[in-house]
Amino acid sequence: MKRHLILFIFLSILTHGMAQKIIELPHQNPSHIEWKEPEKQFFSKVWDTEVVTNVATPSLQIFKPDPTISNGTSVIIAPGGALYAHSIESEGNEVAKWLNSKGITAFVLKYRLVPTGKDGAQEVSDLSTTNPGEMMKQVEKVLPLSIEDGLAAISYVRSNASNLGIAKDKIGFMGFSAGGAVTMGVLYNYEEENRPDFVIPVYPWISAMPVQETPKNAPPMLIVCASDDPLGLAAGSVDLYLSWLKAGKTVALHMYAKGGHGFGMRKLGLPSDKWIERFYDWSISEGITVPKK
């Protein structure tokens, strides 16, 4: 009986601790968009990775580093997936765990997605070939909501910085592909309380969120992409780099010859496999990250 009681208490504490790691973000869904299917996580055979679809309620999952190496820097991660799904492992959880290993607190953002059927990854893969115009029409409806979620995530992290054990002036935003479009939307729409302190667009979907006038107090930026990106995102990444450079802002660009699209944390046996290490080097050189001795 005593053993069962101890086990029950342990499981209760563990469950409570896990629950505290998921934060629902404030939001209001418009009446003209309806999510008929529930949020779902599954392995996509089309994309060969774990995905999440039908996100109607934005949330943050908190990944904390070992307290002995925690350095106060934090990064909000927006996975890609054409706004129809989240590539939740390769461009989300695995990124967060790597950052944790360097003492950086991470937050994986599940921003709102286009409502789909049971397999959003298959749906967008089909639409991109058969009806790209319809695909973009749906993206344009939801992208403003996704950007709101990105801004809400920064507001939450900054307002809770002391409780989270992080510095409120070292909060970064990293987005992949569609998450890169969210990153750009955040950059062009932030106010003082939700301004990111640094940004990392990784093969950003510039055609969904075109380059605009650089903000006057634009944060430092590191852009990552591959020249052979089959979606043609290399040119947009260069344009984004030049916009920051011409405005006299701190910016760096890592353009790999090979890597394709969606490499994330996948190991391809290419130099692009090391992109996240280059981010870490850059963050140290810019004083964004100061490793704990």
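Just so you know, these numbers use all the heavy atoms, side chains as well, and skip hydrogens, waters and symmetry mates. A quick note: this is a predicted structure, and the numbers were derived from the prediction, not measured.
- Residues M135 and V124 have side chains in contact (heavy-atom distance under 4.5 Å, counting atoms from C-beta outward).
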Item to complete: Please assess F43 against D48 for the test side-chain contact (heavy atoms from CB on, under 4.5 Å), listing each intermediate value before the final yes or no.
Response: CA-CA 7 Å; F43 185 85; D48 192 31; 3.3 Å; yes

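- Closest approach of K292 and I69 over heavy atoms only: CB-O, 3.9 Å.
- Summarising the geometry of G117 relative to N54, their closest heavy-atom pair is O-ND2, 3.2 Å, with the distance given to 0.1 Å.
- A continuous path of Ile, Leu, Val, Met, Phe, Trp and Tyr side chains, each step under 4.5 Å between heavy atoms, connects L268 with W98, placing both in one hydrophobic cluster.
- No more than 12 heavy atoms of other residues, nucleotides or ligands sit less than 6.0 Å from atom NZ of K36.
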Fill in: side-chain contact (heavy atoms from CB on, under 4.5 Å) between D149 and I147, intermediate numbers included
CA-CA 5 Å; D149 299 338; I147 293 168; over 6 Å; no

Worksheet entry | Intermediate values then yes/no, side-chain contact (heavy atoms from CB on, under 4.5 Å), L25 and S59 | CA-CA 5 Å; L25 295 171; S59 66; 5.7 Å; no

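- Side-chain atoms of Y111 come within 3.5 Å of backbone N or O of P79 as a donor-acceptor pair.
- For an aromatic pair to be called close, the ring centres must be under 6.0 Å apart, and W47 with F42 fails this.
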Practice prompt. Any chance you could lay out the side-chain contact (heavy atoms from CB on, under 4.5 Å) test for F107 and V75, step after step, and finish with the verdict?
Written response: CA-CA 6 Å; F107 305 85; V75 175; over 6 Å; no

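- Smallest separation of non-hydrogen atoms from V95 and I276: CG1-CD1, 3.9 Å.
- Identified under the ring-ring contact (aromatic ring centres under 6.0 Å, His included) test for residues 126-154, with sequence neighbours left out: none.
- Here the straight-line distance linking atom OG of S146 with atom CE of M209 works out to 9.5 Å at 0.5 Å rounding.
- Counting heavy atoms of neighbouring residues, nucleotides and ligands inside a 6.0 Å radius, atom CD of E192 does not exceed 12 of them.
- Using a 4.5 Å heavy-atom threshold, the side chains of I23 and N160 count as separate.
- Distance check, rounded to the nearest 0.5 Å: CG of N194 to OG of S155 gives 4.0 Å.
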Throw together a table of side-chain donor-acceptor distances under 3.5 angstrom for residues 239-253, partners on residues two or more places apart or in other chains.
{"from": "S243", "atom 1": "OG", "to": "L240", "atom 2": "O", "distance (Å)": "2.6"}
{"from": "W244", "atom 1": "NE1", "to": "P219", "atom 2": "O", "distance (Å)": "2.9"}
{"from": "K249", "atom 1": "NZ", "to": "K216", "atom 2": "O", "distance (Å)": "2.4"}

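- Between K110 and V52 the shortest side-chain heavy-atom distance falls below 4.5 Å.
- Contact annotation: the side chain of Q122 never approaches that of K45 to less than 4.5 Å [non-hydrogen atoms, C-beta and beyond].
- Put simply, CD on E39 and CD on Q41 are 8.5 Å apart, with the number rounded to the nearest 0.5 Å.
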Result block: side-chain N/O donor-acceptor pairs under 3.5 angstrom for residues 178-185, not counting sequence neighbours:
{"from": "T183", "atom 1": "OG1", "to": "G175", "atom 2": "N", "distance (Å)": "3.3"}
{"from": "T183", "atom 1": "OG1", "to": "G179", "atom 2": "O", "distance (Å)": "2.8"}

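- Side-chain contact between V157 and S74 is present, with heavy atoms from C-beta onward closer than 4.5 Å.
- Hydrophobic clustering (ILVMFWY, side-chain heavy atoms < 4.5 Å, transitive): W282 and I284 are in one cluster.
- With 3.5 Å as the limit, one finds a donor-acceptor pair spanning the side chains of Y203 and E91.
- Aromatic pair F198/F173: ring centres not closer than 6.0 Å.
- Taking 4.5 Å as the limit, some side-chain heavy atom of L187 sits within range of a side-chain heavy atom of P196.
- Using modelled atom types, no side-chain atom of S70 and backbone atom of D66 make a donor-acceptor pair closer than 3.5 Å.
- Here the closest heavy-atom approach between residue P26 and residue A152 is recorded as O-CB, 4.3 Å.
- Side-chain atoms of D273 come within 3.5 Å of backbone N or O of G269 as a donor-acceptor pair.
- Under the 3.5 Å distance criterion, the side-chain polar atoms of N93 are left unmatched by any main-chain donor or acceptor of V108.
- No side-chain heavy atom of V199 sits under 4.5 Å from any side-chain heavy atom of M174.
- Taking the ring centroids of F279 and H254, they lie at or beyond the 6.0 Å cut-off.
- Counting only distance, with no hydrogens or angles, the side chain of D197 and the backbone of I171 share a donor-acceptor pair below 3.5 Å.
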Item to complete: Quick one: do K274 and E277 satisfy salt bridge (Lys or Arg N to Asp or Glu O under 4.0 Å)? Show the steps, please.
Response: CA-CA 5 Å; K274 303 289 186 181; E277 295 178 26; 3.7 Å; yes

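- At least one donor-acceptor pair closer than 3.5 Å links the side chain of R195 to the backbone N or O of N217.
- Looking at D228, its side chain does come within 3.5 Å of a backbone N or O of G260 through a donor-acceptor pair.
- Counting heavy atoms of neighbouring residues, nucleotides and ligands inside a 6.0 Å radius, atom NZ of K40 exceeds 12 of them.
- A donor-acceptor pair under 3.5 Å is formed between the side chain of W35 and the backbone N or O of L113.
- Panel note: side chain T49, backbone S87; no donor-acceptor pair is recorded below 3.5 Å.
- Side chains of R112 and H27 form a contact here, defined as non-hydrogen atoms less than 4.5 Å apart.
- Interatomic distance, CD of Q61 versus CD1 of I22, reported as 3.5 Å (0.5 Å rounding).
- Considering every non-hydrogen atom in both N163 and K64, the closest pair reads O-NZ, 4.3 Å.
- One finds the OG atom of S125 at 9.0 Å from the CG atom of L127 (value rounded to the nearest 0.5 Å).
- Using modelled atom types and a 3.5 Å distance limit, the side chains of D119 and T53 yield no donor-acceptor pair.
- Annotation: the span from K170 atom NZ to T105 atom OG1 amounts to 12.0 Å, rounded to 0.5 Å.
- Taking both residues in full, the closest heavy atoms of F63 and N100 are given as O-ND2, 3.0 Å, listed atom of the first, atom of the second, then distance.
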